[in-house]
Chemist: 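Handing you a structure now.
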Amino acid sequence: KEVIPPLEQLMVEKEGYLQKAKIADGGKKIRKNWSSSWIVLSSRKLEFYKESKQQALSNAKSGHKPESVDLCGAHIEWAKEKSSRKNVFQITTVSGNEFLLQSDIDFIILDWFHAIKNAIDRLPRD
Ligand code: I3S
């Protein structure tokens, strides 16, 4: 059966490539492993695709789901001490998942930080 997503979830606010490393899952630390990810921000969530956008779109048609991050109640902060890389920030979800996001290009990471922070600040905390 077909599930129709709420309109807000269809509204993409920002998308692009960043370096991503998941460092905790459900509050449990996991080994850091940086990789390039196609990231899509909509009002309530971030989605991480391993593939290119083209590949992601064709996979989506075949029912393949990206890793999805609920931004309700999430925290975002700069995380200089979590990596030797420059321009790293961390997102922590209510469920205890922690992600580092990074770009070498200053304006790109700043745009992302503010876009995600604004999205979080607009959402209810629970
Ligand atoms: O915080 P860490 O453990 O120094 O992070 C580095 C490791 O994840 C490393 O992989 P190994 O665990 O296989 O050694 C990565 O290759 C490095 O990129 C990580 O450090 P940076 O400073 O790049 O986040």
Side-chain angles (χ1 to χ4, degrees):
K1 76 180 188 293
E2 197 179 8
V3 179
I4 300 172
L7 189 57
E8 59 174 3
Q9 290 188 13
L10 297 171
M11 294 170 70
V12 171
E13 298 191 0
K14 187 170 176 61
E15 54 188 339
Y17 287 102
L18 289 178
Q19 295 297 310
K20 184 202 84 168
K22 190 173 185 180
I23 57 168
D25 188 276
K28 193 173 173 289
K29 294 290 177 194
I30 56 178
R31 187 164 179 181
K32 189 200 281 168
N33 183 17
W34 287 104
S35 64
S36 177
S37 184
W38 178 258
I39 299 179
V40 178
L41 171 66
S42 50
S43 55
R44 291 186 67 100
K45 64 179 180 171
L46 268 183
E47 288 176 326
F48 298 132
Y49 296 86
K50 287 193 198 74
E51 324 82 352
S52 69
K53 187 184 185 187
Q54 283 308 317
Q55 193 61 47
L57 288 172
S58 72
N59 285 349
K61 281 184 205 136
S62 60
H64 179 275
K65 290 274 188 300
E67 179 158 33
S68 179
V69 175
D70 181 6
L71 292 177
C72 266
H75 287 278
I76 183 169
E77 61 191 350
W78 293 104
K80 238 181 168 37
E81 72 293 348
K82 299 271 177 91
S83 174
S84 62
R85 299 178 177 216
K86 68 182 238 181
N87 296 341
V88 176
F89 65 75
Q90 176 172 333
I91 297 169
T92 306
T93 66
V94 167
S95 58
N97 293 343
E98 298 174 8
F99 301 90
L100 301 181
L101 295 176
Q102 188 266 344
S103 169
D104 286 337
I105 302 166
D106 297 358
F107 80 86
I108 288 180
I109 203 71
L110 277 173
D111 280 359
W112 273 102
F113 183 88
H114 290 117
I116 296 170
K117 191 176 184 336
N118 287 340
I120 290 172
D121 289 346
R122 285 197 306 264
L123 288 167
R125 265 165 242 284
D126 48 12

Chemist: Contact between Tyr17 and Ile108 at the side-chain level, heavy atoms closer than 4.5 Å - yes or no?
Modeler: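 No - every pair of side-chain heavy atoms lies 4.5 Å or more apart.
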Chemist: Could you grab the distance from atom CG of Leu18 to atom CZ of Phe89, nearest 0.5 Å is fine?
Modeler: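 Output value for this atom pair is 6.5 Å.
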Chemist: Are side-chain heavy atoms of Val94 and Asp70 found at a separation under 4.5 Å?
Modeler: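 They are not in side-chain contact.
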Chemist: Is any NZ, NE, NH1 or NH2 atom of the basic residue among Arg85 and Asp104 found under 4.0 Å from an Asp or Glu carboxylate oxygen of the other?
Modeler: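 Salt bridge absent between Arg85 and Asp104.
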Chemist: Measuring only between side-chain heavy atoms, which start at C-beta, is Leu101 closer than 4.5 Å to Phe113?
Modeler: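 The answer is no; the side chains never approach within 4.5 Å.
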Chemist: Roughly how far, to the nearest 0.5 Å, is CD of Glu98 from CD1 of Ile23?
Modeler: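 Interatomic distance, Ile23 CD1 to Glu98 CD, rounded to 0.5 Å: 4.5 Å.
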Chemist: How about Ile39 and Leu46: do any of their side-chain heavy atoms sit closer than 4.5 Å?
Modeler: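 A side-chain contact exists here, since the closest heavy-atom pair is under 4.5 Å.
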Chemist: Quick test of your reading of the model: are Glu67 and Lys50 salt-bridged, counting only N-O distances below 4.0 Å?
Modeler: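 Salt bridge: no.
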Chemist: Quick one, Glu13 with Asn118, criterion side chain to side chain contact (heavy atoms under 4.5 Å, CB included). Give me CA distance, side-chain angles, the key distance, then yes/no.
Modeler: CA-CA 11 Å; Glu13 298 191 0; Asn118 287 340; over 6 Å; no
Chemist: Go through it in stages, so that I can follow the logic: the residues are Phe99 and Val69, the test is side chain to side chain contact (heavy atoms under 4.5 Å, CB included), and I'd like the CA-CA distance, side-chain angles, deciding distance and then a yes or no.
Modeler: CA-CA 10 Å; Phe99 301 90; Val69 175; 3.5 Å; yes
Chemist: Apply side chain to side chain contact (heavy atoms under 4.5 Å, CB included) to residues Asn87 and Ile105 and explain how you reach the verdict.
Modeler: CA-CA 8 Å; Asn87 296 341; Ile105 302 166; 6.0 Å; no
Chemist: So, taking the atom named CD in Gln90 and the one named CH2 in Trp78, what distance separates them when rounded to the nearest 0.5 Å?
Modeler: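 Between Gln90 CD and Trp78 CH2, I get 12.5 Å after rounding to 0.5 Å.
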Chemist: Give the intermediate values and the outcome of side chain to side chain contact (heavy atoms under 4.5 Å, CB included) for residues Ser35 and Gln19.
Modeler: CA-CA 6 Å; Ser35 64; Gln19 295 297 310; 5.5 Å; no
